[in-house]
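Here's the structure we're looking at; comments come further down.
To find a chain, count down the sequence lines: A is the first, B the second, and so on, and within it residues start at 1.
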Amino acid sequence: MERIKPRTLSGFMELLPEKQAQMERIMETLRSTYSLYGFAPLDTPIIEASEVLLAKGGGETEKQIYRFEKGDSDLSLRFDLTVPLAKYVAINCGQLSFPFRRYQLGKVFRGERAQRGRFREFYQADIDIIGDGELDVMNEAEIPAIIYRTFTTLGLTKFKIRVNNRKVLNGFFEILELSDRAADIMHTIDKLDKIGTEKCRALLIEGGVSENAADEIMSFIAINGTSAEKLKALEKYRNKNTTYSKIFDVGLKELGDVVRHLPEFGVPESHFEIDLTIARGLDYYTGTVYETTLTEHPEIGSVCSGGRYDNLAEYYTDKKLPGVGISIGLTRLFFVLEEQGMLSNEIITSPADVLIIPMTENKAKAIETATLFRENGIRTMLYSEQKKFKSKMNFADKIGVPFVVFIGDDEIADNFVTVKNMKNGHQFKKSEKMAMSYIKGVVTLRNNSDLILNFVKEK
RNA sequence: GUGGGUAUAGCUCAGUUGGUUAGAGCAUCGGAUUGUGGUUCCGAGGGUCGAGGGUUCGAAUCCCUUUACCCACCCCA
């Protein structure tokens, strides 16, 4: 028989059981943290009608989307969780209570070329708050608090949430009479970090911006200092918008409000900053935008970003649904943590808390003990294979199970079980029930004290 | 989509100017050792050298084509 060489597609992450256990633990942490802020869980299909996903049309999305036909149906794999949310809210808005807060962990797909830290299938962990017609700016200040708590709960300390406001940028461009080029300019300054000021200025001029305007832009985004100092420096652009909307002034007030409330929400000054170069590629953002990077690993890019949008579902409904949300690139985050050796090896990755090894043909007591353990919440594996003793112990070692229970003829005759602590090798005889409560106690203690990550290598 | 690199055992890789039967470490399996593991020792299995073509007496090695993967750009989480 000709065998086919098994392979996993490039850009698709597949983990061994131990790593998967760590991944699942991180996902649990995200879910519980999101829940703390009153977000409800949501799940939507991975496949949608292409016309729904591509309602906005054009651009990178169309190039990168996985699209196929099944019968007469034109179908696509979702490339983010925001568009499916828009669809969901448009369909169900009559039955939802607004502001609607939902979180969603799910796989998304992008048919771009894979590279370091960039995947074609990856998890996003999104939260969004959707308002009915209106949504207070306070929600925009709450979002970074959730990012902060999520990351610190995971055990991360070295990250920075960078905040900006699109209205500030758009208002500024309006002052320079460059509104028609706003998207291009934002795109260019967004790359400042990567390409440097010289090249950034050159690109602006190349894009048709006058030298004077380019210098204005460069000095605008070069504003530095603390958040308070930046806000103060921005005051000099106030009242310069000629149009009725006064968009810069509105944006500046929003940015000030957000920044002022962040410490009240529990985000320390050290972990956020105003960064006037943050623009975000997606053009539906209209207000506050966020980007979070690991300060020790800037090369990997943003691991969490998002922002405020005014009209989530405009392609599906007349209803005006403003919102704010962020997305954590979970697969990328996990990839960095794994690569940097930051994933704790203290975490329990064993699929079981105890392995019961029958030492005799008479398996009844072993099975009964397994049943008793399971009824009491102990993750129990029963080793049924007819292998040599050494093989059985090797198996116990490999899965990293903390306890082994032997049940042989002696145990059956005198009605006890032999419990062995695999960490220190200690071994003792106990009644089934005593063994059960002993193991349960130790396991519970370990679970609660477990850290997900260790940062020994964080300098 | 654009540019560069790599491809030899399950994994990480050696393999000389082209020359006998292509090697190592790790992993796997068996034995030393049938109620006490991680160590050690001994042994075994495992390869159409990515695929196709060419040059040559002879190709893992040189040439061409192709595919896959990796890195970077674009873009993004």
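When the C1' atom of rG10(B) is taken as reference, atom CD of Glu14(A) falls 15 Å away, rounded to whole Å.
For rU21(B), there is no paired nucleotide, since no Watson-Crick or G-U wobble pair has both relevant distances below 3.5 Å. Of all nucleotides present, only rU28(B) satisfies the Watson-Crick or G-U wobble test against rA44(B), with each distance under 3.5 Å. Base pairing of rC69(B): its partner is rG5(B), meeting the Watson-Crick or G-U wobble criterion (both donor-acceptor distances under 3.5 Å).
Checking Ser227(A) against Glu273(A) by side-chain atom types alone, no donor-acceptor pair falls below 3.5 Å.
Across all strands, Asn394(A) comes closer than 4.0 Å only to sugar-phosphate atoms, never to a base (heavy-atom distances). If you check every strand for non-hydrogen atoms under 4.0 Å, Lys107(A) touches nothing. Within the 4.0 angstrom heavy-atom criterion, no nucleotide atom of any strand lies near Lys392(A).
Between Gln115(A) and the phosphate of rC73(B), there is a side-chain N or O to OP1/OP2 separation shorter than 4.0 Å.
Tyr438(A) is linked by a ring-ring contact (aromatic ring centres under 6.0 Å, His included) to Phe403(A), Phe428(A), counting only residues two or more places apart in sequence or in another chain. Taking the ring-ring contact (aromatic ring centres under 6.0 Å, His included) definition, one finds that Tyr383(A) meets it with Phe395(A), sequence neighbours left out.
Between rC71(B), rG35(B), rG37(B), one nucleotide has an atom nearer to the side chain of Thr418(A) than all others, and that is rG35(B).
Proximity of Ile129(A) to Ile143(A): side-chain heavy atoms (C-beta onward) are separated by under 4.5 Å at one or more points.
With hydrogens and angles ignored, a donor-acceptor pair under 3.5 angstrom links the side chain of Arg110(A) to the base of rA77(B).
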